[in-house]
**Q** 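Before we start, here is the structure in question, set down as structure tokens.
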Amino acid sequence: MEVFKDLKFNIVHLNSTTSTNIHAHQFVEQNPQSEGVVFCADFQDRGKGQKGSKWQSDSGLNLLLSLILCPQFKVQKRFLISQAVSLALFTALDKLSVDELSIKWPNDILVGSKKIAGVLIENSIKGNLINHSIVGIGLNVNQTEFKEMDREATSLQLELENSLDVKEVLHFLLKELKTYYSLLFSNPNRIEELYNAKLYGFGVSLPFQDENGIFNGIIKGVSSIGELQIQIGEAIENYGIKELSFKA
Ligand code: BT5
């Protein structure tokens, strides 16, 4: 039996909020059947990144959204959502003619070594299933100046030397999210294959840091549960998101 998921979007625009992910969480608690609802904000005063970090975005210039998904599949497969979302972002930016794109594990989008988009996925688990998943995406569209970050930031305007309509970028991205979400159910192996092919630093020696300090290793791929596989000398080590940071 082929499983097919056809997402229908319902877009809610917010002028200002704490964080679209927080807003989506509150909404889904009250409305469990809300797959496809998208909260989009001009401004967040508590924009979140991974591990307690902050997402910074000047008012009205960028895309800040949270999409509610109810995939109802096994917890062990949760990294596929991350991969599908990264691929949707990658493809949308590629179609807008942004060069030098890659996906930095687990799901940042880079242009060269600069960050143009970040993704924060928060899953709610029931038993062994993902009950719902809040997919938060921050994509820099028209902002041209950024405070100092862990890694240099860029935006569509900086890359394309043109300002874009944020709403048009939203619709462009939603189209790709729909395509890759559907592929997630019909051909998950293809999602893994495409994701690995676009990984930042794949096959080259890069510096990383873990609890023991800085070391050089070669990215060999990502395991089915989303751990980064790095070759260090002759051995291949698997790292979870909290265990490793990139130093390049
Ligand atoms: C992320 O975390 O990249 C996930 C960002 C998700 C943001 C979206 S916006 C809509 C939705 N609602 C939310 O509250 N969040 C989501 P992480 O990989 O931990 O990266 C965070 C780091 O990226 C920060 O510590 C900064 O160094 C850097 N950063 C912050 N704002 C940035 C920006 N606008 N562009 C590039 N880098 C940024």
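Please read all numbers here as calculations on a predicted model, not as lab measurements. We count ligands from 1, going down the list as the structure has it; atoms in each ligand are counted the same way. Along the sequence shown, the residues carry numbers beginning at 1.
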**Q** For a quick check under 3.5 Å, do Q44 and T20 share a side-chain donor-acceptor pair by atom type?
**A**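 Per modelled atom types, Q44 and T20 side chains form a pair under 3.5 Å.
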**Q** Under 30°, 30 to 60°, or over 60°: which ring-plane class applies to H25 and H132, parallel, tilted or perpendicular?
**A**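 The arrangement is perpendicular - the two ring planes meet at more than 60°.
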**Q** Between F246 and Y200, what is the ring plane arrangement, given parallel below 30°, perpendicular above 60°, and tilted in between?
**A**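 Answer is tilted, since the angle falls between 30° and 60°.
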**Q** Looking only at non-hydrogen atoms, find the nearest pair between L63 and V166 and report the distance.
**A**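 Closest heavy-atom pair between L63 and V166: CD1-CG1, 3.9 Å.
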**Q** Before accepting this row, confirm whether a basic side-chain N of the pair D150/K115 lies closer than 4.0 Å to the acidic partner's carboxylate O.
**A**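 No, this pair does not count.
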**Q** Can a donor-acceptor pair be found between the side chains of N238 and S223 at a distance below 3.5 Å?
**A**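 Looking only at side-chain atoms, S223 and N238 do not form any donor-acceptor pair under 3.5 Å.
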**Q** Contact residues of ligand 1 with a heavy-atom cut-off of under 4.0 Å?
**A**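 Within 4.0 Å of ligand 1, protein side: S19, T20, N21, Q44, G47, K48, G49, Q50, S53, K54, W55, Q56, L64, L65, S66, D108, K115, G118, V119, L120, G136, I137, G138, N140, M149, D150, A153.
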